[in-house]
Amino acid sequence: MTMDATETRIGEWRAAILRGRAVDETDADELESHLRDQIADLEKSGLTGDEAFLVAVRRLGEVDRVTAEYAREHSDRLWKQLAMPHADDEPRRPLLVMLGFAVLAAVLVQAARLLATGEGVTAPWFVRDLSLFVLPVLAAYFAVVRRMPWRRFLPLIVIVALLAIAVNLFPFQADPDGVEMFGAGPGAATGVLVMIHLPVLLWFVVGAAYLGGEVATSARRMDFIRFTGEWAIYYALIALGGAVLIALTAAILAPIAPGAIDDLFNWVVPTGAAGAVIVAAWLVEAKKSIVENLAPVLTAIFTPLFAAMLLVAAAVYAVSGIGRGFDRDLLTVFDVLLLVVLGLVVYGLSARSTGTKTGLMDVVRLVAVVAAVALDALVFASMLARVAELGFTANRAAALGLNVILLVNLLVTAWLIVRLLAGRAQPSALERWQTSYLPVFAGWVCLVVLVLPPAFAFA
């Protein structure tokens, strides 16, 4: 095992023990020091890097039963089987704490809805501020279950408070040609941009709380990326189940109490959507093995499908051109598509075993990324032409910046995958690139929320 591989394993080990609640950073530093000493001594005695790491971790013991077995079927994760207890032996999950925070999120959303007299959930300020009622609660939940020190959690509180004050003091204009905000009438383009990007910015705050403030290392950032993918899967499943339940309930009420259907949607939908954010986060930790086994299957299914679709789309648009009808709606579709492709690549990396050799899936990922780069280049060229013709708007500035960021990320990702297939790079290089790029995304989203509105006079 190379020095780079050893450092990667040690980073994974440290991230695993910090995910629990019994070990703080000081303890982790001391344990890591012991681990490194053990590895060095064992290597001097003639053991290989792999053997030294496995024996050293085993000698450290169970580390106060910090976390569950990570995966049983992958040999590269053997150290986790040796060092960590079985799931059945884990301490009981903080179910009551989770339920308390889920209720708090639901109550905050309903209180805000009731304050939006007359307009309810369609009030522009309610739609814009919705994430402020839920995601800070999720961050607080993680701060509690991670026993996050106040010195690390207090800056997150300040960030959320400043964001809440800023977006609510911004004098957004009522643009008659603006975007319809969920039936609430036309709103300013910058107001819609804030509505879309504020939840993303707050999600980075959630990530900092999820990691207990330990955001500097690549392994910990990859934990956040992995959590995001798993949370999305659980939330989608909860949402689908809730939608079926509400539809059936509405069908039952229609003949006997049709007037109650509006109340059903006003009370149940916002409450359930808010509470499910916390429940899904709890499920990621409580049922981790389910999604960990599901993730490789999902990436294996959808990566080839998206690769084929991107190839077709790039070829069609290269031949026929994007056309003059290209604007906000089509651009949004493209951006979402590129983000999904990037997400599949990154999530595939997070589900990949360290010792797995390159294969067909890496080739498929390369095809998907190259097709995404080609499509993004076409979109970028069309955007530049449109800006040259019609000038900058808030929407075009936000979209142009996002496309530049995505294009750079995808180009480097393609290059690293080529090197990986050629045997000149390790998967850890791809992982480090993606985790080091997270601050770029966070910085851009922050600019969109706080800088673009005043730059375009809140129109």
> Do Val167 and Leu132 have side-chain heavy atoms sitting under 4.5 Å apart?
yes
> Where do Ser218 and Thr435 come nearest, in terms of heavy atoms and distance?
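Minimum heavy-atom separation between Ser218 and Thr435: OG-OG1, 3.0 Å.
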> Would you say Asp376's side chain and Leu407's backbone share a donor-acceptor pair under 3.5 angstrom?
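Such a contact is found between Asp376 side chain and Leu407 backbone.
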> If you take all heavy atoms of Gln426 and Leu420, which pair is closest and at what distance?
C-CD1, 4.0 Å
> Do Leu450 and Leu163 make a side-chain contact, defined as non-hydrogen atoms from C-beta onward lying under 4.5 Å apart?
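Yes, close enough: below the 4.5 Å cut-off.
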> Check the pair Val277 / Trp231 against side chain to side chain contact (heavy atoms under 4.5 Å, CB included), numbers first and verdict last.
CA-CA 8 Å; Val277 171; Trp231 177 88; 4.0 Å; yes
> Does the pair Phe101 and Phe142 meet the rule for a side chain to side chain contact (heavy atoms under 4.5 Å, CB included), with working shown?
CA-CA 10 Å; Phe101 278 95; Phe142 281 128; over 6 Å; no
> Taking atom CZ of Arg365 and atom OG1 of Thr303, what is their separation to the nearest 0.5 Å?
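Arg365 CZ to Thr303 OG1: 6.0 Å, rounded to 0.5 Å.
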> Rounded to the nearest 0.5 Å, what's the gap from CZ on Arg128 to CH2 on Trp125? Could you check?
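It is 9.0 Å, given to the nearest 0.5 Å.
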> Identify the two heavy atoms, one from Leu452 and one from Ala398, that lie closest to each other, and give their separation to 0.1 Å.
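Leu452 and Ala398 have their closest heavy atoms at CD1-CB, 3.9 Å.
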> CG of Leu201 to CD1 of Ile196: how many Å apart, nearest 0.5 Å?
14.0 Å
> Which atom names give the shortest non-hydrogen contact between Leu338 and Ala372, and what distance separates them?
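Minimum heavy-atom separation between Leu338 and Ala372: CD2-O, 3.5 Å.
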> When the ring centroid of Trp415 is compared with that of Trp433, is the distance short of 6.0 Å?
no
> To the closest 0.5 Å, what do you measure between CG (Leu416) and CG (Leu366)?
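CG of Leu366 is found 11.0 Å from CG of Leu416.
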> Compute the ring centroids of Tyr210 and Phe224, then answer whether they are less than 6.0 Å apart.
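Centroid distance Tyr210-Phe224: not below 6.0 Å, so no.
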> Is the shortest side-chain heavy-atom distance between Leu130 and Val109 below 4.5 Å?
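Of all side-chain heavy-atom pairs linking Val109 with Leu130, at least one is under 4.5 Å.
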> Can you name the residues that form a side chain to side chain contact (heavy atoms under 4.5 Å, CB included) with Ser131, not counting sequence neighbours?
Leu135, Leu198, Pro199, Leu202
> Can you tell me if Arg424 uses its side chain to pair, donor with acceptor, with the backbone of Arg419 under 3.5 Å?
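Checking the backbone N and O of Arg419 against the side chain of Arg424, no donor-acceptor pair under 3.5 Å is found.
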> Taking C-beta and beyond as the side chain, do Ile10 and Ile39 meet within less than 4.5 Å on heavy atoms?
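With C-beta onward as the side chain, the pair touches.
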> Checking the side chain of Arg221 only, and the main-chain atoms of Leu438 only, is there a donor and an acceptor separated by less than 3.5 Å?
no
> Kindly determine whether Ile238 and Leu283 satisfy side chain to side chain contact (heavy atoms under 4.5 Å, CB included), including the steps that lead there.
CA-CA 11 Å; Ile238 295 172; Leu283 285 172; 4.0 Å; yes
> Going by heavy atoms in the side chains, are Leu402 and Val448 under 4.5 Å from each other?
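No. Closest side-chain heavy atoms not under 4.5 Å.
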> Between Met148 and Ala208, which heavy-atom pair has the shortest distance, and what is it?
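The answer is CE-O, 4.0 Å.
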> In Å, rounded to the nearest 0.5 Å, how long is the span from CG of Asn409 to CG of Leu342?
4.5 Å
> Show your reasoning for whether side chain to side chain contact (heavy atoms under 4.5 Å, CB included) applies to Thr190 and Phe170.
CA-CA 10 Å; Thr190 53; Phe170 282 166; over 6 Å; no
> What heavy-atom pair brings Leu138 and Ala281 nearest, and what distance separates the two atoms?
CD1-CB, 3.5 Å
> Is any side-chain heavy atom of Leu310 closer than 4.5 Å to one of Val367?
no
> Heavy atoms, side chains only, cut-off 4.5 Å: are Trp150 and Ile157 in contact?
yes
> Determine the interplanar angle of the Phe441 and Tyr437 rings, folded into 0 to 90°, and report it as parallel if under 30°, tilted if 30 to 60°, perpendicular if over 60°.
perpendicular
> How long is the straight-line distance from CG of Leu344 back to CZ of Phe306, given to the nearest 0.5 Å?
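Between atom CZ of Phe306 and atom CG of Leu344 there are 6.0 Å.
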> Report yes if some heavy atom in the side chain of Leu95 is under 4.5 Å from a heavy atom in the side chain of Trp282; otherwise report no.
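Touching, per the 4.5 Å side-chain cut-off.
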